[in-house]
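A short write-up of the structure that comes next.
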Amino acid sequence: MILIDGKKAAAELREELRHEVTGLKAKYNKVPGLTVILIGDLTPSQIYVRNKEKSANEVGLKSEVIKYPDSVEEKTVLEKIKELNKDETVSGILVQLPLPKHIDKQKVIETILPSKDVDGFHPMNVGNLSSGYESSVPCTPLGCYLLIKKVEPNLNGKKAVIVGRSNLNGKPMTQLLLKENCTVTITHSKTKDLKAECLEADIIVAAVGIPELVKGDWVKRDTIVIDVGINKTDKGIVGDVDFDEVSKNAKALTPVPGGVGPMTIACLLKNTIECFKRSQI
Ligand code: NAP
């Protein structure tokens with residue numbers, strides 16, 4: 001079984017991006033800039049944002065974090081986003097989710113210029129992705145896609161089963177694999193026989209949020225399994241895939257932690273650089 005090392009893949013991607021930023025600096029005499037807006041003092045969000053800032057600095061991006069208290073008014077955040085939209089030194093804007101209840105997530109997402117939407121959540125980017133046009137792609141599915149391609153560069157005609165249909169993970173994952181000519185089945189909580197669907201798959205991407213849902217006998221011997229899940233349990237952080245069982249059967253599997261997670265942040269940096277490059281044309 002191939003253990004897909006997300007930490008190593010992310011370090012390699014960051015190294016590629018560092019070289020790219022050096023080249024862009026030489027060509028344009030400026031570097032891509034990422035601005036993250038962090039609202040409130042939720043510890044996981046603070047950790048994510050700190051890691052994003054550290055990784056951005058590591059590859060040579062200009063990075064900035066704007067912090068607001070939980071009580072910040074929605075209009076203050078929207079005004080700040082509009083200001084950042086106009087700022088030429090800002091290539092990418094990310095508003096860390098979740099947001100406090102009084103702030104409308106969709107309004108925030110739609111206020112970010114699609115060309116600076118490094119999360120790929122703006123409806124215009126969602127539409128472009130599903131139409132097969134150039135767009136920002138949500139970072140986690142993009143990371144999953146890059147890991148799958150490392151194991152199997154040619155995905156033509158492969159059967160992919162996506163477990164979970166969230167806008168964040170399942171749906172964009174489906175679009176990425178369709179573009180690669182996979183035959184994609186997207187499953188969800190109302191799917192009748194998830195095990196039978198998974199047993200058909202050459203590729204399984206599990207993004208559900210249920211600890212160890214995907215079992216060993218759901219997986220064929222030549223299946224690539226990507227585990228997006230991050231679940232806190234009594235035995236620590238586990239994924240949506242039963243690692244011990246599935247690792248005995250699958251062709252390749254991502255661990256949790258150390259699989260998809262590290263790629264998510266590296267893909268955010270990649271998206272920021274892509275936004276910068278598109279803005280220079
Ligand atoms: P989400 O928005 O809660 O969506 C979960 C999806 O799973 C829904 O489509 C739901 O179906 C489906 N589902 C629920 N129970 C199911 C079942 N028994 N069988 C099949 N499908 C079922 O979750 P998400 O935001 O995509 O996150 C999923 C997991 O990924 C979480 O553990 C999260 O922490 C993790 N995550 C990891 C990263 C990373 O960087 N590694 C990033 C983001 C999220 P319905 O649509 O029918 O309700």
Side-chain angles (χ1 to χ4, degrees), residues 4-11 13-14 36 42-52 54-55 94-99 105-106 109 118-121 126 129 136-148 160-177 184-201 204-215 218-219 225-233 235-243 246 253-271:
I4 306 173
D5 187 341
K7 262 193 190 168
K8 184 162 167 258
L13 178 55
R14 285 198 303 272
V36 176
L42 259 186
T43 313
S45 294
Q46 285 173 332
I47 295 170
Y48 290 143
V49 169
R50 206 178 310 131
N51 288 340
K52 283 168 184 173
K54 187 170 154 254
S55 301
L94 180 150
V95 180
Q96 183 67 44
L97 302 178
L99 298 175
K105 181 176 93 176
Q106 201 54 25
I109 288 173
V118 279
D119 256 339
F121 294 160
V126 175
L129 177 64
S136 280
V137 178
C139 304
T140 302
L142 180 58
C144 295
Y145 165 81
L146 295 174
L147 291 176
I148 294 168
V161 171
I162 315 298
V163 190
R165 57 175 162 183
S166 69
N167 291 338
L168 179 66
N169 290 307
K171 284 180 190 154
M173 194 69 238
T174 300
Q175 300 300 345
L176 287 170
L177 293 177
V184 187
T185 301
I186 183 155
T187 65
H188 45 78
S189 65
K190 309 289 183 293
T191 295
K192 281 202 175 123
D193 190 344
L194 190 56
K195 176 179 174 183
E197 299 293 348
C198 287
L199 275 169
E200 294 286 316
I204 296 173
V205 180
V208 191
I210 299 181
E212 300 176 329
L213 175 74
V214 176
K215 301 293 177 203
W218 294 22
V219 174
V225 183
I226 305 292
D227 190 351
V228 179
I230 303 175
N231 307 296
K232 263 193 195 162
T233 69
K235 58 176 182 178
I237 301 283
V238 302
D240 292 340
V241 174
D242 188 324
F243 185 89
V246 173
L253 173 62
T254 56
V256 177
V260 173
M263 283 299 279
T264 298
I265 293 187
C267 287
L268 169 67
L269 311 179
K270 184 175 166 57
N271 280 351

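In each ligand, atom 1 is the first atom listed, and ligand 1 is the first ligand listed.
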| Shortest non-hydrogen separation from Y145 to L176 and the atoms involved | CB-CD1, 3.9 Å
| query | For atom 25 (O) of ligand 1, which protein heavy atom lies nearest, and how many Å away is it? | reply | L168 CD2, 3.5 Å
| task | Have a look at ligand 1 and work out which part of T264, if any, has a heavy atom under 4.0 Å from it: side chain, backbone, both or neither. | result | side chain
| In the protein, which heavy atom is nearest to atom 31 (C) of ligand 1, and how far is it? | G209 CA, 3.7 Å
| task | Any atoms of ligand 1 less than 4.0 Å from a non-hydrogen atom of N231? List them with their elements. | result | 32 (O)
| Near K215 NZ, under 6.0 Å, is it more than 12 heavy atoms from other residues, nucleotides or ligands? | yes
| note | min-distance protein heavy atom vs atom 2 (O) of ligand 1 -> S166 CB, 3.3 Å
| task | Closest by any non-hydrogen atom to atom 7 (O) of ligand 1: pick that one out of G164, G6, P257. | result | G164
| query | Okay, side chain of N231, backbone of V238: is any donor-acceptor separation there less than 3.5 Å? | reply | yes
| said: By the side-chain hydrogen bond (donor to acceptor under 3.5 Å, both in side chains) test, which pairs, at least two apart or in different chains, include something from residues 161-170? | reply: N167-K171
| task | For atom 20 (C) of ligand 1, grab the closest protein heavy atom and report residue, atom and distance to one decimal in Å. | result | H188 O, 3.2 Å
| said: For atom 19 (N) of ligand 1, what is the closest protein heavy atom, and at what distance to 0.1 Å? | reply: L194 CD2, 3.6 Å
| Just which atoms of ligand 1 are under 4.0 Å from any heavy atom in V260? | 41 (N)
| request: State, to 0.1 Å, how close M263 and L13 come at their nearest heavy-atom pair, and which atoms those are. | output: CE-CD2, 4.1 Å
| Any N/O of T187 closer than 3.5 Å to an N/O of ligand 1? | no
| Counting heavy atoms only, which part of T140 comes closer than 4.0 Å to ligand 1: side chain, backbone, both or neither? | side chain
| Within a reach of under 6.0 Å around CZ of F243, are more than 12 heavy atoms found that belong to other residues, nucleotides or ligands? | yes
Enumerate, atom names and distances included, each donor-acceptor pair closer than 3.5 Å involving a side-chain atom of residues 137-144, sequence neighbours excluded.
unit_1, atom_1, unit_2, atom_2, d
T140, OG1, T264, OG1, 3.2

| remark: In this structure, atom 5 (C) of ligand 1 is nearest to the protein heavy atom V208 O, 3.3 Å
| task | Could you pull out, from N169, I230, I210, the option with a heavy atom nearest to atom 33 (C) of ligand 1? | result | I230
| said: Can you give me the closest heavy-atom contact between V214 and V246, atom names plus distance? | reply: O-CG2, 3.5 Å
| said: Could you check whether any side-chain N or O of D240 sits under 3.5 Å from a backbone N or O of G209, counting only pairs where one atom can act as donor and the other as acceptor? | reply: yes
| said: Between ligand 1 and V163, is the shortest N or O to N or O distance under 3.5 Å? | reply: no
| Shortest non-hydrogen separation from R14 to S55 and the atoms involved | CD-CB, 4.3 Å
| remark: protein heavy-atom neighbour closest to atom 36 (N) of ligand 1 works out as V228 O, 3.7 Å
| query | When you measure from atom 11 (O) of ligand 1 to each heavy atom in S189, G259, C267, which option holds the nearest one? | reply | S189
| said: Let me confirm one number: the CD1-OH distance from I265 to Y48, rounded to the nearest 0.5 Å. | reply: 9.0 Å
| For atom 46 (O) of ligand 1, closest protein heavy-atom neighbour | R165 NE, 2.7 Å
| query | Does A207 come within less than 4.0 Å of ligand 1, judged by its heavy atoms? | reply | yes
